[in-house]
Asks: 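Here it is: the structure, laid out below.
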There are 2 protein chains.
Amino acid sequence: MAKTAIKSYSLAEMKDKYIGKKGTADRDEYEYELRMDVLGRMIKTARQERNLTQEQLGQLVGVQKAQISKLESSANSATIDTILKVFKALKADIHFNVTLEKKHLQLV
Amino acid sequence: MAKTAIKSYSLAEMKDKYIGKKGTADRDEYEYELRMDVLGRMIKTARQERNLTQEQLGQLVGVQKAQISKLESSANSATIDTILKVFKALKADIHFNVTLEKKHLQLV
DNA sequence: AAATAAGTTTCAAAATATAGAAACTTTGTT
DNA sequence: AACAAAGTTTCTATATTTTGAAACTTATTT
């Protein structure tokens, strides 16, 4: 899997600007387009929010820190199974929504 | 930065404005907890919404109908890559959101 | 009922993800 | 600078997904 380089902002920046200063709410919520690279960044963000090292998260998930590193950097196209294991370990609630726009219906 | 400012307006707001109010005929939206089986059902739902057979969707994605069948029935833990290919072929907008509840912070 | 279309399952092969371990690099601390 | 902690990369092995092809089952149509 190729890494897509769209990075151009720090997550901390983004959170402060668009979501609100850390610590103000009793929860943090993020919504993104589902993309491999964004998923990786979300894992990293959530881990840091929990004040965990990659090694600690690895222990919670049951894998080594190297694997966490790979997931955070989107080194490969993770399976849903893996994604869910990680977010569960982070006690993160993860939802997805699908929108079908009718205007696209003309597929031929 | 502007392009990545997904959170500056809520998605719901944007859709209401540019695509149509929820529940109107212009769009269909579904939100679920991210789970393998639900993903499979969503693929099926979206495909049927598009009036496509598994074979037709397979052609759009570039795989055989058997693979679509397996994905819809969650026969295995698909990779993000595959999921994205399918929803893209269906011209479906797919977002995910992650919620971190502070009360869970006390991991240790 | 017969024929066709749509969907499912099985088999085998190829591609990719996951895993542990260790070396390596970067970052932070004293 | 020296040291420790955190994160990354590489190597190798194993497990799983993806794939095509064909056989099979279930629905639909004539």
Side-chain angles (χ1 to χ4, degrees), chain A residues 1-7 9-13 15 22 34-90 92 94 96 105 107-108, chain B residues 34-90 92 94 96 105 107-108:
Chain A
M1 272 301 295
K3 286 188 193 175
T4 39
I6 355 116
K7 164 95 168 234
Y9 54 91
S10 90
L11 274 167
E13 254 179 359
K15 284 190 294 187
K22 201 170 179 179
L34 182 55
R35 291 191 328 221
M36 197 53 222
D37 61 304
V38 175
L39 255 185
R41 272 207 298 274
M42 268 315 300
I43 292 175
K44 181 171 188 172
T45 301
R47 174 177 64 82
Q48 291 175 332
E49 202 87 29
R50 295 300 196 210
N51 281 320
L52 296 172
T53 65
Q54 290 185 339
E55 188 161 33
Q56 290 173 317
L57 176 55
Q59 288 173 335
L60 289 176
V61 178
V63 300
Q64 288 197 285
K65 61 179 182 177
Q67 179 68 354
I68 302 297
S69 173
K70 290 166 194 165
L71 290 171
E72 289 186 355
S73 63
S74 305
N76 47 25
S77 179
T79 60
I80 298 293
D81 210 45
T82 301
I83 299 295
L84 294 182
K85 273 196 306 182
V86 172
F87 279 112
K88 183 176 182 184
L90 287 165
I94 174 168
F96 75 105
L105 252 177
L107 290 177
V108 171
Chain B
L34 182 55
R35 290 192 328 220
M36 196 53 222
D37 60 304
V38 175
L39 256 185
R41 271 207 298 276
M42 270 313 300
I43 292 175
K44 182 171 190 173
T45 301
R47 173 177 64 81
Q48 291 174 332
E49 201 89 26
R50 295 298 195 212
N51 281 320
L52 297 172
T53 64
Q54 290 184 338
E55 188 160 33
Q56 290 173 317
L57 177 55
Q59 287 172 336
L60 288 175
V61 177
V63 300
Q64 289 198 283
K65 61 180 182 176
Q67 177 68 352
I68 302 297
S69 172
K70 289 165 194 165
L71 291 172
E72 289 185 356
S73 63
S74 305
N76 46 26
S77 179
T79 60
I80 297 292
D81 209 46
T82 300
I83 299 295
L84 294 181
K85 274 196 303 183
V86 173
F87 279 112
K88 184 177 182 183
L90 286 166
I94 175 167
F96 75 105
L105 251 177
L107 294 177
V108 176

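Keep in mind that what you see is a predicted model, and the values were worked out from it rather than measured. Every chain is numbered from 1 and lettered A, B, ... according to where its sequence line falls, protein lines coming before strand lines.
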Asks: Could you pull out the closest heavy-atom pair between A:Leu90 and A:Ile43, with the gap in Å?
Replies: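 So the two residues come closest at CD1-O, 4.0 Å.
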Asks: Would you mind telling me which residue lines up with the more 5' stretch of DNA chain C, A:Ala78 or B:Ile68, judged by nearest nucleotide?
Replies: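 Result of the comparison: B:Ile68.
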Asks: Distance check, rounded to the nearest 0.5 Å: A:Ile94 atom CD1 versus A:Leu84 atom CG?
Replies: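 If I round to the nearest 0.5 Å, the distance is 6.5 Å.
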Asks: Compare the minimum distances between each of D:dG7, D:dT19, C:dT9 and the side chain of A:Gln54, then state the nucleotide with the smallest one.
Replies: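 Of D:dG7, D:dT19, C:dT9, D:dG7 is nearest to the side chain of A:Gln54.
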Asks: How far apart are the closest heavy atoms of A:Ser74 and A:Asp37, and which atoms are they?
Replies: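 Shortest heavy-atom contact: OG-CA, 3.3 Å.
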Asks: Rounded to the nearest angstrom, tell me the gap between atom CG in A:Leu39 and atom C1' in C:dA17.
Replies: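 About 15 Å, once rounded to whole Å.
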Asks: At a cut-off of 3.5 Å, list every protein nitrogen or oxygen paired with a nitrogen or oxygen from nucleotides 21-27 of chain D, distance to 0.1 Å.
Replies:
residue : atom : partner : partner atom : Å
D:dA21  : N7   : B:Gln64 : OE1          : 3.4

Asks: Has B:Arg47 got a side-chain N or O lying under 4.0 Å from the OP1 or OP2 atom of C:dG7?
Replies: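 Yes, within the criterion.
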Asks: May I ask you to evaluate whether B:Thr82 reaches the phosphate of D:dT18, defined as a side-chain N or O under 4.0 Å from OP1 or OP2?
Replies: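 Yes.
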Asks: Check whether any side-chain nitrogen or oxygen of B:Gln67 sits under 4.0 Å from OP1 or OP2 of D:dG20, and answer yes or no.
Replies: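 Answer is no, no contact under 4.0 Å.
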Asks: On a heavy-atom basis, which atom in A:Glu72 and which in A:Lys44 lie closest, and how many Å separate them?
Replies: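 Smallest interatomic distance, heavy atoms only, reads OE2-CA, 3.5 Å.
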Asks: Would you say D:dA6 has OP1 or OP2 under 4.0 Å from some side-chain N or O of A:Lys44?
Replies: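 For D:dA6, neither OP1 nor OP2 has a side-chain N or O of A:Lys44 closer than 4.0 Å.
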Asks: Could you state the atom-to-atom distance from CD of B:Glu55 to C1' of C:dT9 in whole Å?
Replies: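 That distance rounds to 16 Å.
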Asks: Which whole-number value in Å describes the distance from A:Leu71 CG to D:dG7 C1'?
Replies: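 A:Leu71 atom CG is separated from D:dG7 atom C1' by 14 Å.
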Asks: Has the side chain of A:Ser77 got a donor or acceptor atom that lies under 3.5 Å from a matching backbone atom of B:Thr79?
Replies: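 No, A:Ser77 side chain to B:Thr79 backbone: no donor-acceptor pair under 3.5 Å.
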Asks: Mind calculating the distance between CD (B:Glu72) and P (C:dT9) to the nearest angstrom?
Replies: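 From B:Glu72 CD to C:dT9 P: 12 Å.
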Asks: Quick one: is C:dA6 close enough that its OP1 or OP2 comes under 4.0 Å of any side-chain N or O from B:Ser69?
Replies: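 No, because none of the side-chain N or O atoms of B:Ser69 sits under 4.0 Å from OP1 or OP2 of C:dA6.
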Asks: Please report the interatomic distance CZ(B:Arg41) to CE(B:Met36), rounded to the nearest 0.5 Å.
Replies: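 Reported value, rounded in 0.5 Å steps: 11.5 Å.
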Asks: Whole angstroms only, please: what is the CD1-P distance between A:Ile83 and D:dT17?
Replies: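 About 14 Å, once rounded to whole Å.
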Asks: Under 4.0 Å between a side-chain N/O of B:Thr79 and OP1 or OP2 of C:dT16, yes or no?
Replies: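 For B:Thr79, the contact criterion (side-chain N or O under 4.0 Å from OP1 or OP2 of C:dT16) is not met.
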Asks: How many angstroms lie between atom NZ of A:Lys65 and atom CD of A:Gln56, to the nearest 0.5 angstrom?
Replies: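 Those atoms lie 11.5 Å apart.
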Asks: Round to the nearest Å and state the distance from A:Gln59 atom CD to D:dA5 atom P.
Replies: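 For the pair A:Gln59 CD and D:dA5 P, the rounded distance is 14 Å.
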Asks: Between B:Ile43 (CD1) and C:dG7 (C1'), how many Å, whole number?
Replies: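 From B:Ile43 CD1 to C:dG7 C1': 15 Å.
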Asks: Rounded to whole Å, please give me the gap between CG in A:Asp81 and C1' in D:dA15.
Replies: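 To the nearest whole Å, that distance equals 12 Å.
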